[in-house]
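Have a look at the structure below, then the notes.
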Number of protein chains: 2
Amino acid sequence: MTPYARRGVHGQTVEALAHRILGGEIPEGATLDLVALQGELDVSLTALRESLKVLAAKGMVDARQKRGTFVRARADWHLLDADVLRWQFEGGRTTEADRSLLRDLAEVRVTIEPAAVRLAAERRTDADLVALAAALEAMGQHDAGPAHAVEADLTFHRALLAATHNELLERMEMVIESGLAHRDRIVHSSPHSRDPVPAHRTVLDAVRDGDPSAAEAAMRALLDQAGRDLERIHGTDDTKGTGGT
Amino acid sequence: MTPYARRGVHGQTVEALAHRILGGEIPEGATLDLVALQGELDVSLTALRESLKVLAAKGMVDARQKRGTFVRARADWHLLDADVLRWQFEGGRTTEADRSLLRDLAEVRVTIEPAAVRLAAERRTDADLVALAAALEAMGQHDAGPAHAVEADLTFHRALLAATHNELLERMEMVIESGLAHRDRIVHSSPHSRDPVPAHRTVLDAVRDGDPSAAEAAMRALLDQAGRDLERIHGTDDTKGTGGT
DNA sequence: CTGTCAATATTTATTACTAATTTAGGAGAA
DNA sequence: TTCTCCTAAATTAGTAATAAATATTGACAG
């Protein structure tokens, strides 16, 4: 499920270290005291090193002989990595950096998704359409619980990216997913939520018709509406609002 | 420099494994015979495990008890990771998958960069403008060698992403970089290459003026021209062509 | 002042062993 | 038969101690 093995002591060690670094507890450029951490986290040196290897693979730390193991500059973090993205949200309560990340996330969505639907409209196969229709269907089942609806929403957007038949764009799923997940944390399943299905159906129709411009317009409308809804909730701190992307 | 520690025996092991998997030598879903690999690569079991940890962090393998360590489905690979991207090109000669990846890369650029310059035009600081101007300056020095020109080109586009002040978009650099690097391998520094500076200057001017629409248009023109040039070279296999993005 | 060489400290890699876990498969019950 | 639970084997996960490699530092010679 998760990209790296999250099982066992090792996984916990990775998470603990990641949270410390992403939370700023261990600042950029700091050299880690391996022995101290070893005792602190209660793991062996080998386990600690394997954990650091995972973080190194994500550009967060670098271990060099003599100089020691140190935290790399934030500019080197693989912020597009699914784990790094998740850790940032898990880390702490809503901070300033958190808010900034959220803005960035939204901007990426607005960048990627309209372009993606254009390609999807041009390349979608019948199988893609089936997947999209199924996701839309699932979104319509309001009685299956809020978690179900969110999952269906995500599935729809994932299917959309898959329909581009561009492997790289498909991987942007991680970003879209993070954005959606957090959005959901704010807009926690209000009973008065606006029905997200119609807007999504408009997108699907355009994709089915192979009309890139209409698809893009529909997607922009969808994102724009979601953004305004979110803003409204944020501003008034009122729990009524949107129910979907 | 590289995200994971590439030094020593360990780095080599990671690369070797990565190439085997990305090259299809070890197919998706295959379970790895750790002991066999250990002897084959001539490393200890621990070192092998640490290498696999790096690959696990990039979504390429998963190690589960009893079931063994196996190659994950390609859909799980972190294709947006700089290393994974690089390994794919390093792996083998120009294959069909390679060509497909190249197309995907180009599409991502066309998606990201026009949107990025819009943001850059709105948010660029004076420092950003200085960096952009410096990169443009460097591009103009035709006598400094082809490698220098390519590096300057890259620097320009990197500075552009930085000017968006969106950390996530900034990380897309990896993708842009891969695209540029490979483009360069095809368009190997023709002496008759078209001067890339004017098109880039148009972009810079629009960004300086804070005109998002003009900036986007200029970037689209730039990408479009580069794409057509590349296509022409590809089609006619003629070495004359573009000299910049 | 500069470059080479060696001392030194610290990480990386090896070896060998133990522990934890998970799934396959069988036993027994419904 | 089929489902559940339990046992057992297989394999990764983790520990610890040691050896090797390598980068930094300082000293010394050119």
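Numbered from 1 within each chain, the chains take letters A, B, ... in sequence-line order. The figures here come from the full heavy-atom set of this structure, side chains too, leaving out hydrogens, waters and symmetry mates.
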If you find the nucleotide of DNA chain D closest to B/Gly68 and the one closest to A/Leu45, which residue's nucleotide is nearer the 5' end?
B/Gly68

Length of the CD-C1' vector between A/Glu50 and C/dT12, whole Å
13 Å

Ignoring hydrogens and geometry, is there a side-chain-to-backbone donor-acceptor pair from A/Arg201 to A/Leu136 under 3.5 Å?
no

Could you state the CG-C1' distance from A/Leu37 to C/dT11, rounded to the nearest angstrom?
15 Å

Could you give the CG-to-C1' distance, from B/Leu48 to D/dG14, as a whole number of Å?
16 Å

What is the distance, to the nearest angstrom, from the CG atom on A/Leu41 to the C1' atom on D/dG14?
14 Å

Within the structure shown, what part of the strands sits under 4.0 Å from A/Thr69 by heavy-atom distance: base, sugar-phosphate, or nothing?
nothing

Just to be sure I understand the rule, does B/Leu34 reach a base, reach only the sugar-phosphate, or reach nothing, if contact means heavy atoms closer than 4.0 Å?
sugar-phosphate

Provide, to the nearest angstrom, the distance between the CG atom belonging to A/Asp62 and the C1' atom belonging to C/dT11.
12 Å

Spacing of A/Leu52 atom CG relative to C/dT11 atom P, expressed in whole Å:
11 Å

Rounded to the Å, how far apart are B/Phe70 CZ and D/dT11 C1'?
13 Å

Side-chain H-bond candidate by donor/acceptor type, B/Asp83 with B/His78, under 3.5 Å
no

Would you say D/dT11 has OP1 or OP2 under 4.0 Å from some side-chain N or O of B/Arg64?
no

Quick one, B/Leu80 and B/Met174 - any side-chain contact, counting heavy atoms below 4.5 Å?
no

Under 3.5 Å donor-acceptor pair, B/Gln65 side-chain atoms to C/dT22 base atoms:
no

Single hit among A/Glu90, A/Glu15, A/Glu40 for salt bridge (charged side-chain N to carboxylate O under 4.0 Å, His left out) with A/Arg20
A/Glu40

Among D/dT11, D/dG14, C/dT14, the one nearest B/Thr46 by side-chain distance:
C/dT14

Side chain of B/Ala47, heavy atoms from C-beta onward: which of C/dT14, C/dT22, D/dG14 has the nearest atom to it?
C/dT14

On DNA chain C, nearest-nucleotide positions of A/Arg49 versus A/Lys66: which is more 5'?
A/Lys66

Which whole-number value in Å describes the distance from B/Gln12 CD to D/dA21 P?
13 Å

Distance (rounded to the nearest 0.5 Å) between B/Gln38 CD and B/Thr13 OG1:
11.0 Å

